[in-house]
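First up is the structure itself, then whatever we jot down about it.
Per chain, numbering begins at 1; letters A, B, ... match sequence-line order.
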Protein chains: 2
Amino acid sequence: MLTDRQLLILQVIIDDFIRSGQPVGSRTLSKKHQISFSSATIRNEMADLEELGYIEKTHISSGRVPSEKGYRYYVDHLLPPQRLTRTDIQKIRSVFAERIYELEKLVQKSAQILSDLTNYTSIALGPAFKESKLKRMQIIPLTEQTAVAIVVTDTGHVENRVITVPTTVNAGDLEKMVNILNERLNGVPLIDLKEKIETEVADVLRRHIRNYDSILNTLIDTLDIPEEEKMFFAGKTNMFNQPEFSDIQKVRPLLNIIEQEKDIYRLLRKQSQKGVRVSIGRENELSGMENCSLITATYSIGDEPFGTIAILGPTRMEYSRVITVLNRVATDLSAALTKWYQNQ
Amino acid sequence: MLTDRQLLILQVIIDDFIRSGQPVGSRTLSKKHQISFSSATIRNEMADLEELGYIEKTHISSGRVPSEKGYRYYVDHLLPPQRLTRTDIQKIRSVFAERIYELEKLVQKSAQILSDLTNYTSIALGPAFKESKLKRMQIIPLTEQTAVAIVVTDTGHVENRVITVPTTVNAGDLEKMVNILNERLNGVPLIDLKEKIETEVADVLRRHIRNYDSILNTLIDTLDIPEEEKMFFAGKTNMFNQPEFSDIQKVRPLLNIIEQEKDIYRLLRKQSQKGVRVSIGRENELSGMENCSLITATYSIGDEPFGTIAILGPTRMEYSRVITVLNRVATDLSAALTKWYQNQ
DNA sequence: TTTAGCACTCGAATTGTTTGAGTGCTAACA
DNA sequence: TGTTAGCACTCAAACAATTCGAGTGCTAAA
């Protein structure tokens, strides 16, 4: 549909705009070494590109800036190849080289390195608790009516909450019950716990434990673990490095979104399909993110998708570099996790 | 040293400036109902106040703004009395009315309500771990070489970390040891744990446990709990509501301080004396906070100081209101905690 | 001691002008 | 027929000049 020349011009416009942040005019373009025709010719092509919706003017006699459609085409078809520098690769590698015992730390560090390398805001989501498996649960009485319930997963994650224990339940029974559960439920994915208890363990419990019902209620509380994955942010204020975000009034909504975290969480959850995904501007369907792009990638253990890492930046983002970095970190993180898991 | 009239003028200047953010001129002042003398008189007084260092001009023919010295005097001697509205009081009360099981949640909610009521950034530093006492420890093996060490305190707080277990240590011994420790150390303040173990428990352990040394090393790891109190922020971006912080370039350093958190942590630690304390501008001795004031208050359980809550805002802060709110929240929080503790 | 009055200052807002980078269109050229 | 040179036009941004108003300090009179 677009001629080769139009593609070339579109690509150079977007490359230049990403670099400079300034609208690109025909004369500027004609001086580029990739381009060998006159500014008048370029003007004609630009008029066509604009009519097709790939670029826009900021005002009637201004140069052109990419439209969302333009960025979309660019990301899908025109990305200039990008290679990481040796230093970048080493920085990434060094993050995963240290021995780390807690899986979450690894994810958190990934977020950190992403924002360090790109200067954008980065987010790491993961691992979903429902994926991880029960290692041990424990109920530790605090007062007569309260206790701390602790669940340890095979990933080394510890989840805890304070629960109320009805006075009708006695401590010994509670302990016995926990013991039975630990024997039977080791290695069961957290998400299956409740079901498993009902189908397989309920009978045993009923036989061994007096006062079965109230204890079970207590237990249900315990297992009602927040399903939400932990989310790690890094470089939350990096947005302010971008000139397009220098007016505080205009970034306010975006700031709120980042501070709240929950909208971002939803966005990330939506895009859990494998591989790298790019959402440009209003594709995010979130008011306040009109001028942002979100690039996500999944990481996995073996073949099992595990979590998501992402970069949030302006629509005028260095897509090529970000995608390359994100890919690399996702790969290295996946490898580290896979290795980590094999040692389990 | 200052005449009554000078005090009046100083107070009205600062009140007005806090409200409007604009330099205050003699004519504006003379129109206030509190003030019954002419603008010329005021000009003379203002010249004196300026010479004494309580107010400054922004340029040669501008109105006056308070200097740090001025704010300091205002805070120490001129605060207009302030009463909370019924709604405010109720909002605060409602936070502490719900039954809450985890002490930390209570502290976190205090931070939230502080920033809601004042529109500034608020910070709650809360209970120092070293203050809290051991309820139970637990070591849960993860793999052959790793385990999760869990420490539960009497406040319902759970601290955990993954540790390495030398292969020379066998699981049974580890468990035996943990049992002994739990028997002997219940209720011991975390900060005294190590000492207590050496003086009182070491002998017992040596008698009962083979391979005493390597296990002890493992244990030391476990007990090496981060000493830092948890810090809760609320309204991190509220700074941007202030017109004096509308230029992103100038807030950059402040933003970094808030995002890093650790500088703030240090500031809060410094000021752990009882009661409300106000640090104005450069009194904070932290570059980036020249235009900020930090107001801190301590909360306590019974008579024992327990933690700190604070408000961070521009030097042009509503001191009177903030101090009143902070006081109220500190009191209510202390009361709630004291009650909470009595139920223990 | 207080105040009215006056000359002066300076920031902010308003207006006009210039500059430069851009446009579209047309006509000439290969 | 596609390309290009040239021209008239547009607009934002930068700059200078002007005005306006809120402020000052100082002096002299009440």
Ignoring hydrogens and angles, are the base of D:dT4 and the side chain of A:S38 linked by a donor-acceptor pair under 3.5 Å? no
Just to verify, which of A:R83, A:R321, A:R328 counts as forming a salt bridge (Lys or Arg N to Asp or Glu O under 4.0 Å) with A:D88? A:R321
Any N or O donor-acceptor pair linking the side chain of B:S61 to the base of D:dT24 at under 3.5 Å? no
Below 4.0 angstrom from OP1 or OP2 of D:dA22, is there any side-chain N or O of B:K31? no
Rounded to whole Å, how long is the line connecting atom CZ of B:R64 with atom P of D:dG25? 5 Å
To the nearest angstrom, the CZ-P distance between A:R27 and D:dT4 comes to 15 Å
Donor-acceptor pair present, A:R43 side chain and C:dG24 base, under 3.5 Å: yes
Counting just side-chain N and O atoms, does B:T28 come under 4.0 Å of either OP1 or OP2 of D:dG23? yes
Roughly, in whole Å, what's the span from CD in A:E51 to P in C:dT23? 16 Å
For B:I295 versus B:Y319, what's the shortest heavy-atom pair and its separation? CD1-CD2, 3.8 Å
According to a strict under-4.0 Å criterion, is A:K57 in side-chain N/O contact with OP1 or OP2 of D:dA12? no
Over-ring placement of B:K236 relative to B:F233, 6.0 Å and 45° cut-offs: yes
Does B:T41 put a side-chain nitrogen or oxygen below 4.0 Å from OP1 or OP2 of C:dT3? yes
Round to a whole Å and report the spacing from CE of B:M46 to C1' of D:dT24. 10 Å
Of B:H59 and B:N44, the one whose closest DNA chain C nucleotide lies more 5': B:N44
Output the distance between atom CD (A:E56) and atom NZ (A:K69), rounded to the nearest 0.5 Å. 11.0 Å
Geometric cation-pi criterion, A:R5 with A:F37: 6.0 Å, 45°: yes
Would you mind reading off the distance between A:Q22 atom CD and C:dG22 atom C1', rounded to a whole angstrom? 13 Å
Between A:A40 and A:P23, which is nearer to the 5' end of DNA chain C once each is assigned its nearest nucleotide? A:P23
Any base atoms under 4.0 Å from A:S39, or only sugar-phosphate, or nothing? Heavy atoms, all strands. nothing
Please confirm whether the shortest side-chain N or O distance from A:T58 to OP1 or OP2 of D:dA12 is below 4.0 Å. no
Please report the distance, rounded to the nearest Å, between CD in B:E50 and P in D:dG25. 7 Å
Tell me the interatomic distance from A:I42, atom CD1, to D:dG2, atom C1', rounded to whole angstroms. 15 Å
Just the rounded figure in Å: distance from P of C:dT2 to CD of B:E45. 8 Å
Does the side chain of B:R5 get closer than 4.0 angstrom to OP1 or OP2 of C:dT2 through an N or O atom? yes
